[in-house]
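To start, the structure under review is shown below, and the notes come after it.
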Amino acid sequence: MGGNMLTEENSYDLHPPSAYDTAMEALSSLITKKKRGNGSPVRGKYDKLERMLMYIKILDLEEQIADLKIIHVAGTKGKGSTCAFCEAILRESGFKTGLFTSPHLIDVRERFRIDGLDISEEKFLHYFWVCWHQLQENVNDELPMPPLFQFLTVLALKIFTCERVDVAVIEVGLGGTYDSTNVIKDPVVCGVSPLGMDHMEILGDTLGKIASHKAGILKPQVPAFTVPQLSEAMDVLQKKASELKVPLEVVGPLDHKKLNGVLLSLSGDHQFINAGLAVALCKCWLQRTGHRADFEENLPEAFLRGLSTARLSGRAQIVHDSPSTSSDESGVTKSSGDLVFYLDGAHSPESMEACAKWYSCAVKEGNHGSSIPSFHDKLRDVEEKLINGCTKQHRPQSNKISKKILLFNCMDVRDPQVLLPTLVDTCASSGTYFSKAIFVPSISTYGKVISGSSVTPIDISSKDLAWQFSLQSVWEKIIHGKDIQCKDSQMEIPESKPPWRSFNDDISNCSPANGRFTCSAVVSSLPLTISWLRGYVKENPSLRIQVLVTGSLHLVGDVLKLLRR
C-alpha cells in the first residue's frame with residue numbers, strides 16, 4: 001500500500017487534475033442509456049461482474065479490496081438511511097469511515113464520503129484521473145470503458161483503499177445479485193433494509209423476485225441482518241440464507257427509549273426501522289473486527305451521537321427558505337412571510353406512504369412558529385416527546401395561515417396512479433390537505449453529469465410536458481373523482497408579475513369542466529416556479545407556504561440546488 005501511495009502521488013504531478021467540469025464531461029461519456037429502466041447496451045464476451053473484476057485487476061485493487069472491512073447494504077427503501085446511520089455510528093466510535101451511496105443530488109462527490117464529509121474536489125480529481133487513465137490504457141473492444149455506475153463503484157473502492165479507511169459502508173445501487181457493488185466477495189456483515197415494489201421493469205413484478213435479487217449480496221457464512229418483511233420476501237431471504245449457511249437475524253425497529261432522550265437526525269417513524277438495522281450491523285461489525293461490543297440494553301454514547309448526527313440529503317429534509325424583511329413607514333421591521341420546503345425523494349408506494357406520514361407530522365409541528373431542529377442540533381436538554389417520528393415541543397402559537405403545496409414529478413417508469421393516491425390518502429388520514437399541486441419536469445437528466453456549480457437554465461419552454469399533463473390528469477381525477485383531460489392548460493409565469501390569484505383560489509373554485517384547473521398546474525420551468533413561490537410569500541406576509549417536493553430524487557436535487565443559489 002505504501003509503495004502504491006507514492007506511485008499515485010508522483011502520477012498526480014505528471015497528470016495534474018483538469019478542471020472539475022472536464023471530469024464531469026468525461027463521466028457523462030460513460031452514460032450508456034438515455035433513461036432509467038432501459039437495459040444496459042453494454043454487451044460482449046463478459047458479463048457485468050466479470051467486467052468489474054477485470055477493472056479491479058487493471059487498477060491493481062484486488063488485494064486492497066480484500067483488506068477492506070465492509071458493511072454491504074441492499075434494500076428497496078431505507079438502505080441509504082441505514083448506511084448513513086452506520087457510517088456516523090462507527091465514525092463517532094473513533095474509526096475512519098468511507099461511505100458510498102447513490103444517487104447524488106447536486107454533485108457527484110456526495111457519493112463518496114470520508115469521515116462524514118464529501119470527498120474534496122482536489123482528492124476526487126486525483127483519484128478520478130488515476131482511474132480514468134489506467135482504465136483507458138487497458139480497455140479494448142471486448143472490455144470497453146465501464147458504464148457510469150460501474151466506474152463510480154471502482155472509483156469508490158480506489159478511494160477507500162488509498163485513504164485507508166477502517167470501515168467502508170457500501171450501499172447497493174440497484175438490486176443486489178447483478179449490482180456492480182456485488183463484486184465485494186467478503187464483507188464483514190450484510191444488511192437488507194425493507195423490501196417493496198420498485199424497479200419492477202428490471203427486478204421483476206413480484207416481491208419474491210425482487211427479494212431474490214436483493215438476497216444476492218448474501219455471502220457464505222457471513223452474518224446478515226434484515227428487518228421484518230412481508231412473508232413473500234422473508235421466505236426468499238431465509239431460503240437464500242439457509243443455502244449459504246448464513247446466520248440471518250431479523251431485528252425490530254429501534255426502541256426510542258434506548259435513545260435516552262436523543263433524537264434521530266433523520267425524521268419519520270420509518271427511520272426507527274433503519275436505525276435498528278444500523279445498530280445491529282455496527283454491533284456485529286465491531287464484534288467481528290475484534291472490538292468490544294458487549295452492550296445489550298443501553299446504547300453506547302458513540303452510537304447515540306451517530307444516530308443523532310447522521311445526515312442524508314433529500315430524505316425527509318426540511319429547508320427554510322431565507323425570508324427577506326422590509327420596514328414600514330414607522331421603521332418597524334416586518335417579515336415577508338414563510339416559505340418552507342419539505343423534501344423527500346420517495347418514488348415507491350411504500351416510501352410515498354412514509355413520506356406522507358412524515359410531511360403531515362412535520363407541517364403540524366411547523367405551524368408552531370419555530371424552526372424544526374436540524375441534524376446539526378446536539379443533545380437537547382428540554383423535555384421532548386416523539387410523536388409520529390417528529391419532535392413535539394412547546395412553542396408559541398403562530399397566527400400565520402398555512403397553505404400546503406405539492407411540487408411533484410416522477411419518472412415515467414413509475415405508476416402515478418399508485419403514488420399520488422397513496423400520498424393524498426395518507427395525508428388526508430392525518431388531516432393534511434393540499435391547496436395546489438404543481439407538476440414540473442426535473443432539470444437533471446440521465447444524459448449528463450453536472451457539477452454543483454453548473455449554470456441552471458431558467459427557461460426550458462421547449463421541454464415536452466406530455467408526462468406532466470398526464471400526472472395532472474391523475475391528480476384531477478383524485479380530487480374530482482372522475483377522468484379529467486388536462487392539456488394545453490400550462491400555467492404561464494410572467495417573470496415580472498406572477499399570477500397570485502391562482503394561489504389564492506382554493507379547491508372549491510376548481511371547475512375542470514370550465515377549464516379552471518385552480519387546484520393544479522403544469523409548469524415548464526422549475527427555476528421560475530421557485531421564484532414564483534418566493535414572490536408569493538413576499539407579497540403575503542401573513543402566510544406560511546409549506547411545499548412538499550417529492551416523487552423523484554432528481555427533482556429534489558434540482559430544488560436543493562436552486563435553494564442554495
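By convention here, the first residue in the shown sequence is residue 1.
Once rounded to the nearest 0.5 Å, the distance linking CG of L61 with CD of Q134 reads 8.0 Å. Here M234 contributes atom CE and S231 contributes atom OG; the two are 9.5 Å apart, rounded to the nearest 0.5 Å. To the nearest 0.5 Å, the span separating SG on C83 from CZ on F100 amounts to 10.5 Å. How far CZ of F408 is from OG of S552: 9.0 Å, rounded to the nearest 0.5 Å. Remark: Q64 CD to L68 CG distance equals 8.5 Å, nearest 0.5 Å. The structure places CG of L157 at 7.0 Å from OG1 of T153, a figure rounded to the nearest 0.5 Å.
With S348 contributing its side chain and M197 its backbone, the two residues share no donor-acceptor pair below 3.5 Å. Of the possible donor and acceptor atoms, one in the side chain of K214 sits under 3.5 Å from a partner among the backbone N and O of G75. S81 places no side-chain N or O within donor-acceptor distance of the main-chain N or O of G78, the cut-off being under 3.5 Å. Panel note: side chain E163, backbone F160; no donor-acceptor pair is recorded below 3.5 Å. Checked by atom type and distance alone, the side chain of E110 pairs as donor or acceptor with a backbone atom of I106 at under 3.5 Å. Within the 3.5 Å criterion, the main-chain N or O of D412 finds no donor-acceptor partner in the side chain of R414. Although no hydrogens or angles enter the test, the distance criterion places a donor-acceptor pair under 3.5 Å between the side chain of D115 and the main chain of T97. Formation of a donor-acceptor pair under 3.5 Å by the R113 side chain with backbone atoms of G98 is not found in this model. Using a distance-only test at 3.5 Å, with no hydrogens or angles considered, a donor-acceptor pair links the side chain of R305 to the main chain of E92. Looking only at distances, a side-chain donor or acceptor of T550 sits under 3.5 Å from a matching main-chain atom of D344.
Salt bridge K257/D255: absent, no basic N to carboxylate O contact under 4.0 Å. Between R311 and D118 there is a salt bridge, with a side-chain nitrogen of the basic residue lying less than 4.0 Å from a carboxylate oxygen of the acidic one. Salt bridge absent: K239 and D235 never bring a charged side-chain N and a carboxylate O closer than 4.0 Å.
Smallest separation of non-hydrogen atoms from F149 and S102: CE1-OG, 3.9 Å. Across all their heavy atoms, A84 and A310 have their closest contact at O-CB, 3.6 Å. Closest approach of L218 and C190 over heavy atoms only: CD2-CB, 4.2 Å. Between F303 and K283, the shortest heavy-atom contact is CZ-N, 4.3 Å. In plain terms, the two heavy atoms of S267 and H270 that are nearest each other are O-CE1, 3.6 Å. Listed here is the closest heavy atom pair of V449 and S28: N-OG, 2.7 Å.
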Open item on the list: Applying side chain to side chain contact (heavy atoms under 4.5 Å, CB included) to V279 and L307, what does each step give before you reach the verdict?
Closed with: CA-CA 9 Å; V279 167; L307 292 168; 4.2 Å; yes
Task: Verdict with reasoning, L553 to R315, per side chain to side chain contact (heavy atoms under 4.5 Å, CB included) - done: CA-CA 9 Å; L553 279 167; R315 283 78 163 180; 3.9 Å; yes
TODO: Walk me through it: do R51 and D47 pass the test salt bridge (charged side-chain N to carboxylate O under 4.0 Å, His left out)?
DONE: CA-CA 6 Å; R51 291 196 306 271; D47 65 28; over 6 Å; no
TODO: Kindly determine whether V227 and V250 satisfy side chain to side chain contact (heavy atoms under 4.5 Å, CB included), including the steps that lead there.
DONE: CA-CA 5 Å; V227 299; V250 180; 5.8 Å; no
Open item on the list: Under the criterion side chain to side chain contact (heavy atoms under 4.5 Å, CB included), I'd like the reasoning laid out for I210 against T206: C-alpha separation, chi angles, the key distance, then a yes or no.
Closed with: CA-CA 6 Å; I210 292 171; T206 69; over 6 Å; no
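Side-chain contact, H291 with T289: a donor N or O sits under 3.5 Å from an acceptor N or O. Side-chain atoms of Q271 and N274 include a donor-acceptor pair closer than 3.5 Å.
For F128, the ring-ring contact (aromatic ring centres under 6.0 Å, His included) partners are F124, W132, F151, not counting sequence neighbours.
Identified under the side chain to side chain donor-acceptor pair (under 3.5 Å) test for residues 166-193, with sequence neighbours left out: H72-T181, D179-T181, N182-K219.
The shortest distance between side-chain heavy atoms of I70 and V188 does not fall below 4.5 Å. In this structure the side chain of P220 reaches within 4.5 angstrom of the side chain of L244, judged on heavy atoms. Using a 4.5 Å heavy-atom threshold, the side chains of I273 and L277 count as separate. Residues V192 and Q229 are in side-chain contact: their nearest non-hydrogen atoms beyond the backbone lie under 4.5 Å apart. With contacts defined as side-chain heavy-atom distances shorter than 4.5 Å, the pair H347/M411 does not qualify. By the 4.5 Å heavy-atom criterion applied to side chains, R288 and V222 are counted as neighbours. Contact of the D67 side chain with the T161 side chain is not registered, since no non-hydrogen atoms from C-beta on lie closer than 4.5 Å. In this structure the side chain of V108 reaches within 4.5 angstrom of the side chain of Y20, judged on heavy atoms.
Residue E62 places its CD atom among more than 12 non-hydrogen atoms of other residues, nucleotides or ligands, all under 6.0 Å distant. Other residues, nucleotides and ligands contribute more than 12 heavy atoms inside 6.0 Å of the NZ atom of K96.
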